[in-house]
Every structure is written in structure tokens, then in C-alpha cells.
Amino acid sequence: MHEQYSPREIEAAAQAHWDAQKSFVVSEQPGKDTFYCLSMFPYPSGKLHMGHVRNYTIGDVIARYQRMQGKNVLQPMGWDAFGMPAENAAMKNNVAPAKWTYENIAYMKSQLKSLGLAIDWTREVTTCKPDYYRWEQWLFTRLFEKGVIYRKNGTVNWDPVDQTVLANEQVIDGRGWRSGALIEKREIPMYYFKITAYAEELLSSLDELDGWPEQVKTMQRNWIGKSFGADIAFDYDVASVGIEGQLKVYSTRPDTLMGATYVAVAAEHPLAQRAAENNAELQAFIAECKAGSVAEADMATMEKKGLATGQFVLHPLTGDKLPVFVANYVLWGYGEGAVMAVPAHDERDFEFANKYDLPIKQVYAGEGKDYDASQWQAWYGDKDGLVTINSGKYDGKGFLDAFDAIVADLEASGHGARKTQFRLRDWGISRQRYWGCPIPIIHCPSCGDVPVQEDQLPVVLPEDVVPDGAGSPLAKMPEFYACSCPKCGSAAKRETDTMDTFVESSWYFARYASPNYEGGMVDPQAANHWLPVDQYIGGIEHAILHLLYARFFHKLMRDEGLVSSNEPFKNLLTQGMVVAETYYRTLENGGKDWFNPADVEVERDAKAKVIGARLKSDGLPVEIGGTEKMSKSKNNGVDPQAMIDAYGADTCRLFMMFASPPDMSCEWSDAGIEGANRFLRRVWRLAHGHVGAGLPGELDKSSLNDEQKAVRRAIHLAIKQASNDVGQNHKFNTAIAQVMTLMNVLEKAATASEQDRALLQEGLEAVALLLAPITPHICHELWQQLGKAGAVIDAQWPQVDESALVQDSLTLVIQVNGKLRGQIEVPASASREDVEAAARANENVQRFTEGVTIRKVIVVPGKLVNIVAN
RNA sequence: GCCCGAAUGGCGAAAUCGGUAGACGCAGGAGACUUAAAAUCUCUCGCCAGCAGUGGCGUGCCGGUUCGAGUCCGGCUUCGGGCACCA
């Protein structure tokens, strides 16, 4: 055994061993417990960032731990390879997105390998390859025929200068990121997945996902947003509207219908359009509503504006005329594109009514609950005993009674119906972009939209195209779009839109089960062997969209008979971000120049508190900007490759796992990685000394002295706590802390006798096994050096010897009135009476109980005694 | 704006069921070894008072429940994630 810990050699040797043994290539093994451990696959952006290192280390620790539990572990990896960054890089460097993407994949794959991940690379999946997206297109055609996919208009951000559709991310303060032009909303035809048909099931089966964080399930529930309410129809006032008809709205508060004082419609609503025909002011306002991005966050934060249309509708219960407003906060394409407004009991309506001097009619009241018109209050009848007022025949009712009575009358007169509604909208997947999976539809002048026939799949995306930022290049390529109709044979046009990249990432987890299968999307036998995924790991930012779409796709695949389970991911671990300190100087133009932490030196006061920072190159001060997510824009990224080269993969993995628990954000620290490296050197040094003296014989557990018992207790305490931390709680930071504590004991332990050395052997074996999932390379070497046959990856996770944990005496804490006043040592077998007596006898306790009466003594066995006195 | 989280020493964090706040590590301070440096080792390290034993204060803020609150309840503040075309 070398004296020095040299990660480069050890890691190369361990990786060579795994490669040669094909250690991580798995196949279905009937009868053996399987464990499918999946980390969210990366977008091949260029090189690995620390978030990847963190994600894949967490997954690897879990995978290796499960293997040590004797499971047949599948851990695959692939590439989420379609997406906008490739097109942006293409425009910047004049290189085809395909070439850029494949080069990135090759480099990032070599980086992943250097991390020593226990991945079955024979199952690698790349979503931009035809052998993958072919099956996506196949499913599309099946779902189109079933009606689960349909076509309708959707709203997009339109850049009138670049003549192209922009993603929300590409709209900055209402302007196109490249052209600077004011963005407008535009309606275009798109394909939609009818995810709303699965809303009820997506909601109810969340209850079965015991292994998901409650936080994520809550977010999904709220996103799906099941609500109970009613459709309400307002007859047009023919005199002002000019035609007969009904305005439909949905409301969760029909109980407040008697308080409705106006209605508001979206700019695109037919009533608004009709009113604008001879009204220039209204036309201008509608145009204004159409400016800006479609993002909901923008819509919700902008100033609420409206304009009266001059039209009226009739209140369905009273026949009163209510004015119709066009309002920029009413969303077209969401519900009916119209809302009824009850200013007295809705915050937004209240603001709007005050701004435009509309009447406010209170319909709920209660004793001592005088309505304060300066402040909106969400009054539900059932809360605090409130009842309806100003509501005619509906007066004096609580929420449910008012709701039922009003809806019953609406239903009777044909002006409404009870309705359950979801917030969830159908999923529009058409993208007017090149680098994505082609939508397999042919537009025929006589047959309409015809799906591409199965034997014609895949519709292959040409890979040698460089986009120019002005619309999709495919739309300018007759060699791509010119085709004949599969039904009638006449000249037709192929769809040139591609699919949302979320589609590829919605089913890759299933493809890993049979990545090279050519008979279908998945080989059902293999898919059902591995699925559902036992542990899924990825960033919290995917809590809603990606995870909801993947759950939806799993159900679609189930309904196609491809998989038998209802949910794709049994257990979910959402990992926090990797953050780092930021440093900047303010430029003359007000902008900021960001400096990488590696180029900055921090200054500390005598108490080690940071008081400033200077740039290393010029020695002048820089501003400290606080810790933020590692990003290009803040220039606070730390290159994992540089760290692996400098310290080795094990040190990087150890630091990442030790710095914080996986679901919290993790702050990068150069000093911290030094500490991780120091710890591994300590382990190496202790093992080196031990091995150099010759391996000892068997430990005789029955003849340990007190010090040896204490050492052995430390070993098994570490095993017990680390097992719990790794296996149950996924708290790798505290598991590592347990091993560090054990190392502190082992380093100080005696080595004089053969028995001492046998005990140290047991301790070092425990250290090697407990660290094996986290720092696999050094443990691979240590295991061999400790004279063990077989590789540590195939070893069993260590077992706790409970008899080693038994203690003769315990230390109890004594409190007086909840304040710590002393400690006592009692035999483990002491009775409650003995413990109480010992506590009362404590000198400090007597000092604090002198002159007062002891009212009560609380004894918490094994923990503390609290004496209550006054 | 709406939904979901988070906040504990100089720093990352720990405290499994309401029971010793700060395990483990980083940074700092003092010392040992060394010609010197690196590496390593020993001690120290929440704040205030005290030579010390010890005492007071302390888990973002305000209030509550409890023998006892970082943990539970009510009300805030700040920061972060998501908001359907970033992935």
C-alpha cells in the first residue's frame, strides 16, 4: 500500500476494474429484487456543471447502497438532446445544432465517466436520434387517431421584426431579445394533448405516491386545481348588444351572484370584438391588450385595466342590466374568457370597481362584522357565522345553502349548471422551431390532417441545417415538407412544427428498460420488469411541469397496453440548487461586471468575519453580491472538471454529499473541498499504518476491556446511524459526519495488542463499507488492502451488532423550570424513583430550589429530569 | 399577483416523536514538530459578565400554547423555486 493517497491512480484502477468486469451492465434477473435508480437526464449544454455533479452523485450513492443491499440495480443515463440552446449556439457559431449537440454529448459523457458513476452505459438513450423519437411519433399518431391529440388555436409571442415565434424566456420586458421589437400575442393553430381528460386521475393518484415529498404533491394538486362551482349564463341585453345570445362565465362563488355588479371579458372575446367594430377607442384598447408576453406571471403583475364596451347583459336572477367591460386581466383560452365580478367579496374585482367607479354590493354580513368598503374581505358564509344579505329570497343563508339555492334556480331557468372545473389546461406541444422532433402529420387539401403511416416512420429531421432565427428552417425546405397524402395520394404538405422538448423527457424512463428494442416504443416485458422507477432524483424546479407530463405519459402508455403500472416514479427526491458567492463591480453605464470567485480574494476581520473582497489581478475591491445559483450570467460557476483534476472524483463527491442534505441548496466552498480531501487522506493514512503492520487475526468479542468496548460501541453506533441516514432518510451529510466521528475514535484507539488491531480492522472495514457508495474508488482500494476477497461494490452493507451498543450507565440532564442546571450519571437500570432522588440531591439543583416549593417532577426516561418549582 | 419552500455561531450545517441548541466540518486563535515552508498533531472557539465555579442572553420578527418550543398554533419580514414556449 502506497504511503500517499493518490486519487488519480486509485480512481483509474477502480474504473478500469468496473469496465473490465462490466460491473454495472444489468439484465432482467427473475427472482432477484430489482432497484431502478434514475436521475433526470442532462441537456447536453456543453460541459457538466456542479448541479449535474450533485444530481448524479446523489443517484449514484443510492444506487450503490441498494446494490450493497443485494438488489439488482439499474442506473441508466441518456441525453435530453433537443432544445433551444442548440439553435442559439448554431446561430452564434454557424454550426449545425446536431453537430454541436453530438460533440457536447461526447465530452460530457467522458466527464460523467470520470466521476465513477455506476451507470449501465449500454442503455444510453439520445432523444434527438431517430431510433428514439420514432416511437414518440408512433405514439403521437396513435393518440391522434384516438382523439387524445387534437388541433386548435393557441396564443404565442410574435416578434414582428424577426417574423418568428419567441419563447417566454426570449421576451424581455415585452420586447424580443434579438430584435428589441415590441412583442404581440398571435393566434396560431397548434396540436394539443388532452391532459385535462386525465386531470381527475392525475389528481387522485397523487394520494398513492407515499414516496414523494408532500411539497411536490401539494404543488401538483394546486396546479391541477380542482374547483367546484357553476357555469352561469347572462342573457345579452339585445338593445345594447344588437343580437340575442348568452354570455357564459364560470364561477366558484355562485353564492355571491346577487353581489355581481358587472362582467368582464377578454380582448379576444366575441362581445369585445363586436363592440369594437365601430369604436376606435375600444379597438386601441384591444390592441393594447394584445401587446406583451403571454406569460402568466407578466399578465398577473401588470396594471389591471379595462374599458366599458357600452354593452349590457342581464343578471340571471334579478334581470338587472350589468355593464360589460373588456379587461386585460381576463385570459382568453382559459375557461370562457369572461368573468362575473363581485367587488364586495373579491380583491381583484374590488380594485377594479374602485378604479372605474363601479357599484359595490355587499352580500355577506355577520354580527360585529360591518363591511369596511376600504378593505376587501373574502367572506364565506359558513366562516364566523356569516350569512347572506341584500340577496332577496336568498337572504340569511350560509355558503352551502346560498350556493345550492342559487344554482338550483339557475338550472331551472336555463341560466346555469353546477360544474367541477380544473385549472389545468390542455398541453400545447407545437413549436415553430427546427431542433425538435417533427410532428408526424401530413396536411392534405382534401383529407385534412392525416397522421403519417406507421411504416413511414420515423419522419426524420435533417441534421445539417443551420437556423437563422427567422422562423423555422423546415418551413423553407420543400425537400422536407413536400409529400403526398397517405390516404388519397394527392400532393400534400408535411407539418413543419416540431414537438415541445418536454415530450421526449416524458417517457425516456421507460425506454431505458429496452433501449434498443425495435418492435415498439418499449418491450412490455422489460418495461414491466423494471418499472416503476424505484427512486427518481432531480431538481425541484421540475416539481410541476416535467413530473406532471411524465406521469401523464405513463398513463397514456398504460392505456396503450405498454406498461402495467399507474405511476412512473415510486419515490422522488428533489435536490436543491448549487449556489456560490457572487462578486461584481458596477460599470459606468449602471451594468454589472461579474467576477468568478476563483479570481477574488476575501478579506476577514480578527473574528474571521468577511469584511470585503478584492480582485486578485488588480488588488482593488469588488462588491459582494451574495450567494446565488451558479450561472453563466453571474459568473459564479465552478468548473467540476477542474476540481476533479485537482482533487479526484471521490473528494468532489464527498464534499457535495457532506456540504448539505440533498434537498437543500448546497453552497460551494473551496475550503470545504480541501476539508473533504483532508479527511480522505486521514482515512488513507490510518489504513496505511494498519495494513503496513500486517493484517490481524479474528476479534474475540467476549474478552474486550472497557476501552475496547468503547471503540467497538463507536463502530456500531456509526453503522447504525449511517445506515439510517443513508437508507431511510437520504441524509448523506449526517452519515458522513458519523463516519468522521468514528474516524476520530479509531485514530486515537490503542494498537498495542492483537485484539486492539483486530478491533481497528473491524473499524476500518466499517469505514470502507459505509463510505463505499459515496467515495467508491478509495473504498475499492481500501477493501482490497484490508485483505477482503471480492470487490467492495459486491460486499454487503454492514450489520449492526446491537450487543456492542449496550451501556451500563447513562447521563441524564437535570432542569429546574425547563432550564439546564446539571447532569447526573445513573445506572441504565435505575428506577424512576432513584433517578428523581439523584436529581434532587444534585448540588446545583438544590441551590435553585432553595426556598421554593417543588410542584412536580417530570422524568423523561433516558433523557432528562425537569423539576417544576415556584 | 398566485402556488410551494426556506431562515439556527464568522461560514456549511446538526438536533429521528415537543426534552442538553450548535454534532460533524470549514474558517479563525494559541501552541508543538521543522533551519524554513508545506503537511501533520495538541488545545481553543455562539454572544455578554467573571480569574474561575458559574450566571444572563441566544435558532429572521411579533404574539400564543406547554413543566419545557429551533420544533406546535396565529400574524408578519426577507430570500429562493415554479407560473404552462428555458430545460
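So you know, we letter chains A, B, ... as the sequences are listed, proteins then strands, and number each from 1. Given the structure is predicted, the values throughout are model-derived calculations rather than measurements.
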Length of the [atom1]-[atom2] vector between [X] and [N], whole Å:
X: E601(A); N: A27(B); atom1: CD; atom2: C1'; answer: 15 Å
X: I172(A); N: C86(B); atom1: CD1; atom2: C1'; answer: 12 Å
X: D162(A); N: C85(B); atom1: CG; atom2: P; answer: 21 Å
X: Y329(A); N: G1(B); atom1: OH; atom2: P; answer: 17 Å
X: N328(A); N: G1(B); atom1: CG; atom2: C1'; answer: 13 Å
X: M740(A); N: C24(B); atom1: CE; atom2: P; answer: 11 Å
X: E351(A); N: G1(B); atom1: CD; atom2: C1'; answer: 9 Å

Taking the side chain of N157(A) as its heavy atoms from C-beta onward, which of C85(B), A87(B), G25(B) lies nearest to it?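 Nearest listed nucleotide: C85(B).
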
From G19(B), C24(B), C86(B), pick the nucleotide closest to the side chain of A167(A)?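 Side chain of A167(A) sits closest to C86(B).
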
Charged N to carboxylate O under 4.0 angstrom, [X] versus [Y]?
X: E187(A); Y: K152(A); answer: no
X: K355(A); Y: E303(A); answer: yes
X: R348(A); Y: E351(A); answer: no
X: R431(A); Y: D500(A); answer: yes
X: R840(A); Y: E836(A); answer: yes

Summarise how protein sits on nucleotides 78-83 of chain B as a single string, 5' to 3': B when a protein heavy atom is under 4.0 Å from the base, S for sugar-phosphate-only contact, - for no contact. --SBSB

Do we see a donor-acceptor contact under 3.5 Å between the side chains of T775(A) and D650(A)?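 No donor-acceptor contact under 3.5 Å links the two side chains.
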
Between D426(A) and T196(A), do the side chains contain a donor N or O and an acceptor N or O under 3.5 Å apart?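 Checked: T196(A)/D426(A) side chains pair up, N/O donor to acceptor below 3.5 Å.
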
Kindly indicate, with the supporting measurements, whether the criterion side chain to side chain contact (heavy atoms under 4.5 Å, CB included) is fulfilled by L209(A) and R551(A). CA-CA 11 Å; L209(A) 295 175; R551(A) 293 180 59 221; 4.0 Å; yes

Need one value for [X]: base, sugar-phosphate or nothing, where a base atom within 4.0 Å counts as base even if backbone is also close, heavy atoms only.
X: V156(A); answer: base
X: N744(A); answer: sugar-phosphate
X: M743(A); answer: nothing
X: Q823(A); answer: base
X: N724(A); answer: base
X: V857(A); answer: nothing

Could you work out, with ring pair (Phe, Tyr, Trp, His ring centres under 6.0 Å) as the rule, every residue matching [X], not counting sequence neighbours?
X: Y508(A); value: F41(A), Y512(A)
X: Y192(A); value: Y150(A)
X: W427(A); value: F193(A), Y549(A)
X: F655(A); value: W668(A)

Do F352(A) and Y329(A) have ring centroids that are under 6.0 Å from one another?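 Under 6.0 Å, so yes.
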
Close side-chain approach of S660(A) and R54(A), heavy atoms under 4.5 Å: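 Side chain of S660(A) against side chain of R54(A), heavy atoms only: contact under 4.5 Å found.
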
pair M40(A)-Y536(A): side-chain heavy atoms closer than 4.5 Å: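 The answer is yes; the side chains approach within 4.5 Å.
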
Dump the pairs, protein N or O against N or O of nucleotides 38-42 of chain B, anything under 3.5 Å, distances to one decimal.
| from | atom 1 | to | atom 2 | distance (Å) |
| --- | --- | --- | --- | --- |
| U40(B) | OP1 | R681(A) | NH2 | 3.1 |

If you restrict it to nitrogen or oxygen atoms, what contacts under 3.5 Å exist between nucleotides 70-77 of chain B and the protein, and what is each distance?
none

Cation over ring face, R681(A) and Y5(A), 6.0 Å, 45°: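 No - R681(A) does not lie over the ring of Y5(A) by the 6.0 Å and 45° rule.
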
R821(A) vs E843(A), test: salt bridge (Lys or Arg N to Asp or Glu O under 4.0 Å). Steps then yes/no. CA-CA 9 Å; R821(A) 295 301 178 196; E843(A) 196 186 329; over 6 Å; no

[X] vs [N]: side-chain N/O to OP1/OP2 distance below 4.0 Å:
X: N88(A); N: C86(B); result: no
X: K731(A); N: A14(B); result: yes
X: R425(A); N: A84(B); result: no
X: N222(A); N: C4(B); result: yes

Specify whether F502(A) and H546(A) have parallel, tilted or perpendicular ring planes, treating 30° as the upper limit for parallel and 60° as the lower limit for perpendicular.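 Correct class here is parallel.
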
Only stems of 3 or more consecutive Watson-Crick or G-U pairs count here, both distances under 3.5 Å; name the ones for RNA chain B, or none.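 The stems that RNA chain B takes part in, listed by first number, are B:1-7 with B:77-83, B:10-12 with B:24-26, B:28-32 with B:40-44, B:46-49 with B:54-57, B:60-64 with B:72-76.
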
Listing time: all N or O pairs from protein to nucleotides 7-13 of chain B that are below 3.5 Å?
| from | atom 1 | to | atom 2 | distance (Å) |
| --- | --- | --- | --- | --- |
| G12(B) | O2' | A659(A) | O | 2.6 |
| A13(B) | OP1 | S665(A) | O | 3.4 |
| A13(B) | O3' | N733(A) | ND2 | 3.4 |

Is Q432(A) side chain donor-acceptor paired with the C85(B) base, going by distance under 3.5 Å alone?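 Side chain to base: pair present.
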
In residues 814-822 of chain A, which residues come under 4.0 Å of RNA chain B by heavy atom?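 Listed by number, they are Q815(A), K819(A), R821(A).
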
Could you pull out all donor-acceptor pairs under 3.5 Å where a side-chain atom in residues 736-745 of chain A meets a protein atom, sequence neighbours excluded?
| from | atom 1 | to | atom 2 | distance (Å) |
| --- | --- | --- | --- | --- |
| Q738(A) | NE2 | Q721(A) | OE1 | 2.7 |
| T741(A) | OG1 | A737(A) | O | 2.8 |
| N744(A) | OD1 | R682(A) | NH2 | 2.6 |

Return the set of residues passing salt bridge (charged side-chain N to carboxylate O under 4.0 Å, His left out) with D349(A) (not counting sequence neighbours), or none when no residue passes.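 Partners of D349(A) by the salt bridge (charged side-chain N to carboxylate O under 4.0 Å, His left out) criterion come out as none, since no residue qualifies.
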
